[in-house]
Amino acid sequence: MNLILKGSICYSKSLRELATLEGGYIVCEGGVSRGVFREVPEKYSTFSVADYGESVIIPGLVDLHLHAPQYSYRGLGMDLELLDWLSTHTFPEESRYAELDYADKAYSAFVDNLKRGSTTRAGVFATIHAPATLLLMEKLEHSGLVTLVGKVNMDRNSPDFLREASAQSAYEATRAWIEQSLGKFRNTAPIISPRFVPTCTGELMRGLGELQKEFGLPVQSHLSENRGEIAWVKELHPRAEFYGEVYDSYGLFGGDGVPTIMAHCVWSHGAEEALLRENGVYIAHCPQSNTNLASGIAPIRRFLEGGQRVGLGTDVAGGCHTSIFRAMTDAIQCSKLRWRLVEQNDAPLTVPEAFYLGTIGGGSFFGKVGSFEDGYEFDAVVIDDSPLAATNPLPLEDRLARIIYLSNDSQIRAKYVRGKKV
Ligand code: GUN
Ligand code: FE
């Protein structure tokens, strides 16, 4: 896995600083970037060069939050809010994954789509069904993408056809699934996934917290997405000061040894916002979902200025598009509406900032991921933007902006994950 890519290179150095180099070389040694150069350094002169000419080369994109079983019905029920959308569309569809034949078909289509796009890493929710979740993990492993996949947990406030029989049986099934999947794959690993507080008893969350500790696994869930949901959590846990405190009381909310992704955080503020930051929880910002389900506009500028860790998610099927480029533009557009209509102190996100969120922002959950600087894992996407060519030649950062706003999967020429072409 020693190679060099040549092309028009773009990557983030920091939230605000985009690095660009036309006709540059990125050196990959053993799956890790050795940096970007104007000329190939002497010590790498034996590495073979893939010359992509004028094409643009960027780090692979990172989708911190999406639901594989929801790919099949994206675009449906988009006139509903979260809780009605879940019971009308999500739960009936997810119940079908009890059947492996159905899961096989639906998950193949999902993985094909993810593989064709610009995403190289993802945090993925499956369903409560362990066999179908293992099948999904095998397919994702095969795709070459790096993914964390969660068998979902729900043992209350869910329909009979999509509810684990008891906290004990959910714990045992989750434990068995961890034992079957942990360390079995190169690119795919399990992540503890309580669906959200309303569908998980305290007893189940206590068990998940124990499994997290025992196996040292990461955690993903949903937080403060919708006002009705938040009011419901308050009813269920009247003594908790805020929603996130419920996860925290079971050891499922970041801190030492508990890498955690919380999707949405649209309405997080005050003590919840402080604990997110203190515990280094990753916020998966899913602007398209938040718009479709009329959940609200997350205060991403405030989060960034407050030092939160933020990445982007498509939240398929709350979001109907699987593209993180689309999530970047949605994030920018939502931030503009928030600035104009809600909070004049929260300046809109810029293109370089959104690009950072979709690469290093989410990528850092996976380690040194999302950049081409020395030491980063080598994930790259090569895009032929000639179909988008402007009448006048554009500087590279403007070509990147047009790719973010306008490109589609058909313009992807190649994709590399950890130095391997997929
Ligand atoms: N909260 C709990 N489950 C879900 C889900 O499937 N999608 C979204 N957007 N929010 C949730
Ligand atoms: Fe979600």
Side-chain angles (χ1 to χ4, degrees), residues 63-97 106 110 122-129 133 136 147-159 162-164 191-200 204-205 208 219-233 236 243-244 246-247 252 260-268 282-298 311-322 324 327 330 334 362:
D63 191 340
L64 268 193
H65 181 77
L66 81 170
H67 299 260
Q70 298 178 15
Y71 176 76
S72 53
Y73 73 92
R74 62 206 193 290
L76 271 185
M78 303 270 82
D79 300 326
L80 298 172
E81 288 191 48
L82 175 66
L83 300 175
D84 290 334
W85 174 77
L86 287 174
S87 42
T88 308
H89 293 277
T90 308
F91 295 164
E93 176 63 20
E94 287 195 10
S95 73
R96 296 179 175 209
Y97 291 76
F110 166 75
V124 183
F125 279 66
T127 63
I128 61 172
H129 314 100
T133 304
L136 172 64
T147 53
L148 293 164
V149 180
K151 174 204 149 344
V152 171
N153 285 108
M154 41 203 297
D155 70 335
R156 70 171 174 179
N157 294 320
S158 322
L162 191 70
R163 191 176 60 238
E164 300 179 282
I191 180 167
I192 302 271
S193 306
R195 176 166 219 122
F196 64 160
V197 166
T199 63
C200 298
L204 175 53
M205 285 193 279
L208 295 178
V219 176
Q220 60 180 0
S221 195
H222 296 88
L223 179 70
S224 297
E225 174 178 6
N226 162 288
R227 284 175 152 163
E229 169 212 18
I230 294 165
W232 194 14
V233 170
L236 292 166
Y243 187 160
V246 182
Y247 294 119
L252 298 169
T260 299
I261 302 167
M262 285 287 155
H264 306 300
C265 307
V266 171
W267 299 101
S268 297
Y282 277 71
I283 296 168
H285 177 41
C286 307
Q288 188 176 113
S289 169
N290 298 158
T291 312
N292 284 335
L293 300 175
S295 301
I297 309 175
L312 296 177
T314 59
D315 192 30
V316 158
C320 29
H321 292 98
T322 50
I324 288 294
D330 289 329
C334 286

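Atoms within a ligand are numbered from 1 in the order they appear, just like the ligands themselves.
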> N/O/S atom of His67 under 2.8 Å from the Fe ion (ligand 2), yes or no?
Replying inline: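 Yes - counting backbone and side chain alike, His67 has an N, O or S atom under 2.8 Å.
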> Does His222 bring an N, O or S atom to under 2.8 Å of the Fe ion (ligand 2)?
Replying inline: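 For His222, the answer is yes, given that an N, O or S atom comes within less than 2.8 Å of the Fe ion (ligand 2).
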Distance under 4.0 Å to a non-hydrogen atom of [X]: what atoms of ligand 1 satisfy this?
| X | result |
| --- | --- |
| Glu225 | 1 (N), 8 (C), 9 (N), 10 (N), 11 (C) |
| His264 | 9 (N) |
| His67 | 5 (C), 6 (O), 7 (N) |
| Trp85 | 7 (N) |
| Asp315 | 8 (C), 9 (N) |

> Crowded around Arg227 CZ? As in, over 12 foreign heavy atoms under 6.0 Å?
Replying inline: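 12 or below, so no.
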Any sub-3.5 Å donor-acceptor pair from [X]'s side-chain atoms to [Y]'s backbone N or O?
| X | Y | result |
| --- | --- | --- |
| Thr127 | His129 | yes |
| Gln220 | Ile191 | no |
| Asn292 | Gly318 | yes |

>> Students should be able to answer this: which protein heavy-atom is nearest to atom 3 (N) of ligand 1, and at what distance?
In response: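 Sorting protein heavy atoms by distance from atom 3 (N) of ligand 1 puts Arg195 NE, 2.8 Å first.
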> Looking only at non-hydrogen atoms, which of Asn290, Leu86, Thr127, Thr90 approaches atom 5 (C) of ligand 1 most closely?
Replying inline: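 Looking at heavy atoms only, the winner is Leu86.
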> At a non-hydrogen distance cut-off of under 4.0 Å, which region of Gln70 contacts ligand 1 (side chain, backbone, both, or neither)?
Replying inline: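 It is the side chain that touches ligand 1; the backbone stays farther off.
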> Can you name the N/O/S atom of Asp315 that is nearest the Fe ion (ligand 2)?
Replying inline: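 It is OD1 of Asp315.
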>> My understanding is that only one of Glu93, His89, Glu94 makes a side chain to side chain donor-acceptor pair (under 3.5 Å) with Gln70; could you say which?
In response: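 So the option named by the test is Glu94.
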> Any N or O of Glu94 that comes nearer than 3.5 Å to an N or O of ligand 1?
Replying inline: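 It does not: no N or O of Glu94 is found under 3.5 Å from an N or O of ligand 1.
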> Parallel under 30°, tilted from 30 to 60°, perpendicular over 60°: which one fits the rings of His222 and His67?
Replying inline: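 Aromatic pair His222/His67 classed parallel.
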> Are His65 and His285 side-chain neighbours, meaning at least one heavy-atom pair lies under 4.5 Å?
Replying inline: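 With C-beta onward as the side chain, the pair stays apart.
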>> For a quick check under 3.5 Å, do Thr90 and Tyr73 share a side-chain donor-acceptor pair by atom type?
In response: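 Yes, because at least one side-chain N or O of Thr90 sits under 3.5 Å from a partner of the opposite role on Tyr73.
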